[in-house]
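Data block below; observations after.
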Amino acid sequence: MTKVRIAILASGSGSNAESIMKWAADSDIAEVVCVLSDKRKALVLERAKNNNVPALAVSKKKNEDKTYFEQRMIASLEGYRPDWIVLAGFMKLLGPHFLKTYDKKIVNIHPSLLPLFPGVDGYGDAFKANVTESGCTIHYVDAGMDTGEIIAQKKFDLVPGESFEDFKARGLAIENKFYPEVLEKLFKDIV
Ligand code: GAR
């Protein structure tokens with residue numbers, strides 16, 4: 001069976017990327033063909049190498065036009081022929097050039113119950129707002145900030161008196177399990 005070819009884009013630690021690589025290594029329906037980071041020193045690139053997945057670094061140059069930057073990302077990805085782009089802590093907003101190239105085949109995970117708390121610090125914003133429940137959202141990516149069509153959400157309650165660090169760590173562990181489960185369902189329908 002032909003597998004869905006996934007490229008992961010990530011900017012940071014890459015715990016979600018790692019769980020997706022581990023899931024895909026045993027999957028009949030998907031494979032991770034490369035991991036691309038816009039941060040040369042991101043831990044996610046080490047994680048990719050440790051999982052025998054090609055690790056690509058494409059950082060934005062100072063004053064570089066976004067379209068050129070995205071063209072360089074697309075050029076790096078091209079040789080790996082990804083069918084889908086999976087964002088896992090990729091902290092740049094994608095522009096029209098990239099979105100058009102991978103039209104409707106880009107998904108993201110966001111650390112809040114969207115449409116609540118979009119932006120760079122979902123858990124932080126939810127915690128500051130004293131919410132009693134939080135969660136994460138997997139959604140298609142469009143030109144807006146975390147505005148694309150929602151695919152799935154996972155809720156969890158806050159534990160009274162819990163520290164922010166504990167809350168965030170719990171949320172991230174839930175994301176790590178949830179993301180591969182949702183990708184499995186999503187791709188099962190198309191292979
Ligand atoms: C995750 O919490 C993810 O939901 C979030 O960044 C973290 C990355 O962690 N993404 C966003 O905030 C996107 N707007 P990881 O590098 O350990 O996977």
Side-chain angles (χ1 to χ4, degrees), residues 6-25 30 32 34-51 53 55-60 66 70 73 84-95 98-99 102 106-129 131 133-158 162-184 186:
I6 297 172
I8 298 176
L9 267 54
S11 303
S13 155
S15 68
N16 280 301
E18 173 107 40
S19 72
I20 293 166
M21 288 188 279
K22 294 267 188 294
W23 156 74
V32 178
C34 63
V35 169
L36 182 148
S37 182
D38 59 321
K39 304 278 180 223
R40 260 167 221 297
K41 294 188 175 158
L43 180 61
V44 70
L45 294 173
E46 293 307 313
R47 294 194 198 246
K49 287 176 203 157
N50 293 338
N51 283 275
V53 170
L56 319 170
V58 181
S59 45
K60 190 169 178 299
K66 191 167 189 163
E70 294 195 344
M73 283 206 294
W84 283 76
I85 305 294
V86 171
L87 307 186
F90 186 72
M91 300 311 267
K92 280 196 171 57
L93 205 57
L94 292 168
F98 196 94
L99 294 173
Y102 294 103
I106 309 176
V107 295
N108 181 40
I109 188 160
H110 182 77
S112 77
L113 295 173
L114 289 172
L116 295 173
F117 311 115
V120 293
D121 191 15
Y123 287 137
D125 293 340
F127 195 78
K128 276 182 228 138
V131 293
E133 65 170 21
S134 185
C136 59
T137 303
I138 293 168
H139 63 96
Y140 288 102
V141 174
D142 65 11
M145 172 80 85
D146 305 316
T147 50
E149 184 192 340
I150 291 173
I151 300 168
Q153 291 186 308
K154 183 72 135 191
K155 280 185 197 176
F156 63 93
D157 288 333
L158 267 79
E162 178 176 47
S163 71
F164 174 64
E165 287 67 31
D166 287 351
F167 159 64
K168 189 174 170 179
R170 219 155 49 80
L172 200 53
I174 289 168
E175 289 184 45
N176 294 166
K177 190 163 175 290
F178 189 50
Y179 212 172
E181 287 171 5
V182 172
L183 292 178
E184 171 97 26
L186 185 68

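Positions are given from 1 along the sequence. When a ligand or atom number is given, it counts from 1 through the structure's own listing order. Not measured: the values here are computed from a predicted model.
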Give every pair made of an N or O atom of ligand 1 and a protein N or O atom lying under 3.5 Å apart, one pair per line with both atom names and the distance to 0.1 Å, or write 'none'.
from: ligand 1; atom 1: 2 (O); to: E175; atom 2: OE1; distance (Å): 3.3
from: ligand 1; atom 1: 2 (O); to: E175; atom 2: OE2; distance (Å): 2.9
from: ligand 1; atom 1: 4 (O); to: E175; atom 2: OE1; distance (Å): 2.7
from: ligand 1; atom 1: 4 (O); to: E175; atom 2: OE2; distance (Å): 3.4
from: ligand 1; atom 1: 14 (N); to: H110; atom 2: ND1; distance (Å): 3.4
from: ligand 1; atom 1: 16 (O); to: G14; atom 2: N; distance (Å): 2.7
from: ligand 1; atom 1: 17 (O); to: S15; atom 2: N; distance (Å): 2.9
from: ligand 1; atom 1: 17 (O); to: S15; atom 2: OG; distance (Å): 2.6
from: ligand 1; atom 1: 18 (O); to: S15; atom 2: N; distance (Å): 3.4
from: ligand 1; atom 1: 18 (O); to: N16; atom 2: N; distance (Å): 3.0
from: ligand 1; atom 1: 18 (O); to: N16; atom 2: ND2; distance (Å): 3.1

Measure the CG-CE distance between L94 and M73 for me, rounded to the nearest 0.5 Å.
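Nearest 0.5 Å value for the CG-CE distance: 5.5 Å.
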Fill in: Counterpart residues, side chain to side chain contact (heavy atoms under 4.5 Å, CB included), relative to N176 (two or more places apart)
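Side chain to side chain contact (heavy atoms under 4.5 Å, CB included) check on N176 returns S15, N16, S19, L172.
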Inset, instruction - Just jot down the side chain to side chain contact (heavy atoms under 4.5 Å, CB included) partners of K60, sequence neighbours excluded, or say none. - result: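 Partners of K60 under the side chain to side chain contact (heavy atoms under 4.5 Å, CB included) test: E64, F69, K92.
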L45 backbone acceptor or donor facing S37 side chain under 3.5 Å: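 It does not hold such a pair.
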Side-chain donor/acceptor of N108 to backbone N/O of H139, under 3.5 Å
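No, the answer is negative, given that no donor and acceptor are paired below the 3.5 Å cut-off.
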Kindly write out the residues that satisfy ring-ring contact (aromatic ring centres under 6.0 Å, His included) with Y102, not counting sequence neighbours, or none if the list is empty.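 ring-ring contact (aromatic ring centres under 6.0 Å, His included) check on Y102 returns F98.
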